[in-house]
> 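Take a look at this one; I'll ask things after.
By convention here, the first residue in the shown sequence is residue 1.
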Amino acid sequence: MELHVTRWKRYGHDRLYANLPDSTAVGWADVTTGEVTVLRAEYRDEVITVLTKHLQGLTGPVLPDRALDAQARPVLPPLTPADDLAVNAPGQSLRDLLAESGPGLMERVASRLLRRPTEWDSWRKGLAGERRVGAELNRLGRHGWRVLHSVPLANKVDIDHLLIGPGGVFSINTKHHHKRAVWVGDDSVKVDHGKPAPYARKSRAEAKRVVRVLERYCGFPVPVEPVLVFVGVTELKVVATQLDVRVYQERQVSALGPLSGILTADQVEQAYGVARHRQAWAQA
């Protein structure tokens, strides 16, 4: 497998990325330190060989002033209980939304008696799905992972779950489609052969937002992978070319537990410390 190497400079970083022919990154090297990070274990030898060769071929790279870079990096204020997102339960945003804007008791009773669907049904279904996935993710704590739920972004949207651990960071989007068949393509998803929904494309965009926030405050690169988790489906098909968004059913997220080799224990705690601070996401 021939890997293509590209150079990337942004946010004070200078890296070489090793990419598959379809442009999927499988590893990268820090030009400043020479440290190589493997993103896809099956390409480990190829990544190390090609990046080491390119690092040796660089002549006189412009190295950033690390002290200046650290000094210029913004610092979050001390964490207060009001800003601590670690207290959020799975589905916290939806639960708050239902409490503030949901139907009253009489309206709920009338809807059930008349079997009349309401706009709040999807909120309740989404809440149930996030709780189920959140319970699965919380079990990964014994493997050294940290989990956050309902991380608020700008424009009144949120990240359903954020998983941070030795295998990197995963931005997780939960979709509850009870007793439905789901097909996942490169950019869109179809439920029961219906109209395509841009779940995959939005998941990738969400992961990029997470990278921007974490690397703004962390002094090291933070790889973030997008994940789609489907709850209650009867069938889940994923096209073979879908490689950049991980797709699971709720019980399969435990497969993330054994992943390692991306972040050290100290880096996990630093990234978690940033991610749990509400103010870090204020303009995300």
> Can a donor-acceptor pair be found, under 3.5 Å and without considering hydrogens, that links the side chain of Trp183 to the backbone of His193?
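Not confirmed, Trp183 side chain does not pair with His193 backbone.
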> Nearest heavy-atom pair of Leu148 and Ala86: which atoms, and what distance?
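Closest pair (atom of Leu148, atom of Ala86, distance): CD2-CA, 3.7 Å.
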> Once you round to the nearest 0.5 Å, how far does OG1 of Thr234 lie from NE2 of His178?
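One finds 9.5 Å between OG1 of Thr234 and NE2 of His178.
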> Mind checking whether Val245 and Val238 have side chains closer than 4.5 Å, heavy atoms only?
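No; the side chains remain at least 4.5 Å from each other.
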> Do Pro74 and Arg216 have side chains that approach each other closer than 4.5 Å (heavy atoms only, starting at C-beta)?
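The answer is yes, as the side chains (C-beta and beyond) meet within the 4.5 Å cut-off.
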> Pairing donors with acceptors under 3.5 angstrom, does anything connect the side chains of Asp192 and His177?
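No, because no side-chain N or O of Asp192 sits under 3.5 Å from a partner of the opposite role on His177.
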> With under 30° as parallel and over 60° as perpendicular, where do the rings of Tyr17 and Trp28 fit, or are they tilted in between?
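Rings of Tyr17 and Trp28: tilted, 30 to 60°.
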> Linking I/L/V/M/F/W/Y whenever any side-chain heavy atoms sit under 4.5 Å apart, do Leu214 and Trp8 land together?
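Looking at the clustering, Trp8 is in the same group as Leu214.
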> Can a side-chain donor-acceptor contact be found between Gln270 and Asp266 if the only test is distance below 3.5 angstrom?
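Distance-only check fails for Asp266 and Gln270.
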> If we only count heavy atoms from C-beta on, is the Pro221 to Thr37 side-chain gap below 4.5 Å?
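The answer is no; the side chains never approach within 4.5 Å.
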> For the side-chain hydrogen bond (donor to acceptor under 3.5 Å, both in side chains) test, which of Gln279, His277, Arg276 pairs with Asp83?
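Exactly one option meets the side-chain hydrogen bond (donor to acceptor under 3.5 Å, both in side chains) with Asp83, and it is Gln279.
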> Nearest 0.5 angstrom please: Arg278 CZ to Leu79 CG, how far?
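The CG atom of Leu79 is 10.0 Å from CZ of Arg278, to the nearest 0.5 Å.
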> Are Ile262 and Val213 in one and the same hydrophobic cluster, where Ile, Leu, Val, Met, Phe, Trp and Tyr link if side-chain heavy atoms are under 4.5 Å apart?
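Hydrophobic grouping puts Ile262 with Val213.
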> Let me confirm one number: the CG-CD1 distance from Leu140 to Ile164, rounded to the nearest 0.5 Å.
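The distance works out to 13.0 Å.
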> Within a strict 4.5 Å, meaning less than it, do heavy atoms of the Trp145 and Leu259 side chains meet?
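A side-chain contact exists here, since the closest heavy-atom pair is under 4.5 Å.
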> Would you tell me whether Asn88 and Ser150 have side-chain atoms, one donor and one acceptor, within less than 3.5 Å of each other?
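Asn88 vs Ser150: no donor-acceptor pair found between side chains.
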> Taking a hydrophobic cluster as the set of Ile, Leu, Val, Met, Phe, Trp and Tyr residues connected by side-chain heavy atoms closer than 4.5 Å, whether directly or through intermediates, do Val233 and Leu228 fall within one such cluster?
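Yes, same cluster.
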> When rounded to the nearest 0.5 angstrom, what distance separates CG in Leu162 from CZ in Phe170?
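Leu162 atom CG to Phe170 atom CZ measures 10.5 Å (nearest 0.5 Å).
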> Answer yes if Leu76 and Val210 sit in the same cluster of Ile, Leu, Val, Met, Phe, Trp and Tyr residues linked by side chain heavy atoms under 4.5 Å apart, and no otherwise.
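Looking at the clustering, Val210 is in the same group as Leu76.
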> Considering residues at least two apart in sequence or located in another chain, which fulfil the side-chain contact (heavy atoms from CB on, under 4.5 Å) criterion with Glu250?
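So Glu250 forms a side-chain contact (heavy atoms from CB on, under 4.5 Å) with Arg132, Val133, Val229, Val231.
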> Within the distance-only criterion (no hydrogens, no angle test), does the side chain of Gln242 pair as donor or acceptor with the backbone N or O of Gly185 below 3.5 angstrom?
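Confirmed, Gln242 side chain pairs with Gly185 backbone.
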> Do you know the tightest heavy-atom contact between Ala255 and Tyr248?
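Heavy atoms of Ala255 and Tyr248 come nearest at CB-CE2, 4.3 Å.
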> Establish whether Leu153 and Val274 are linked, either directly or via other cluster members, by ILVMFWY side-chain heavy-atom contacts under 4.5 Å.
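Both belong to a single hydrophobic cluster.
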> Just verifying a value: how many Å separate His149 NE2 and Leu163 CG, rounded to the nearest 0.5 Å?
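If I round to the nearest 0.5 Å, the distance is 9.5 Å.
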> Taking C-beta and beyond as the side chain, do Leu85 and Pro152 meet within less than 4.5 Å on heavy atoms?
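Yes - at least one pair of side-chain heavy atoms lies under 4.5 Å apart.
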> Under 4.5 Å between any side-chain heavy atoms of Tyr199 and Asn173, yes or no?
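The answer is no; the side chains never approach within 4.5 Å.
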> Quick one: does Glu136's side chain have a donor or acceptor within less than 3.5 Å of a partner on Arg251's backbone?
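No, Glu136 side chain to Arg251 backbone: no donor-acceptor pair under 3.5 Å.
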> Would you indicate whether the side-chain heavy atoms of Thr49 and Lys53 approach each other to under 4.5 Å?
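Side-chain contact under 4.5 Å: no.
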> Is there a donor-acceptor pair under 3.5 Å between the side chain of His176 and the backbone N or O of Lys125?
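Checking the backbone N and O of Lys125 against the side chain of His176, a donor-acceptor pair under 3.5 Å is found.
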> Around Arg209, counting heavy atoms of other residues, nucleotides and ligands shown, do more than 12 lie under 6.0 Å from its CZ?
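Yes, CZ of Arg209 has more than 12 neighbouring heavy atoms, counting only those of other groups under 6.0 Å.
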> Are more than 12 heavy atoms from other residues, nucleotides or ligands located less than 6.0 Å from atom CD of Glu35?
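Incorrect, the count does not exceed 12.
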> Measuring from Asp160:CG to Glu130:CD, what's the distance to the nearest 0.5 Å?
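Reported to 0.5 Å precision, the distance equals 4.0 Å.
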> Are Val182 and Val191 side-chain neighbours, meaning at least one heavy-atom pair lies under 4.5 Å?
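Heavy-atom side-chain distance check passes, below 4.5 Å.
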> Is it true that atom NE2 of His4 has more than 12 heavy atoms of other residues, nucleotides or ligands lying nearer than 6.0 Å?
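Yes, enclosed.
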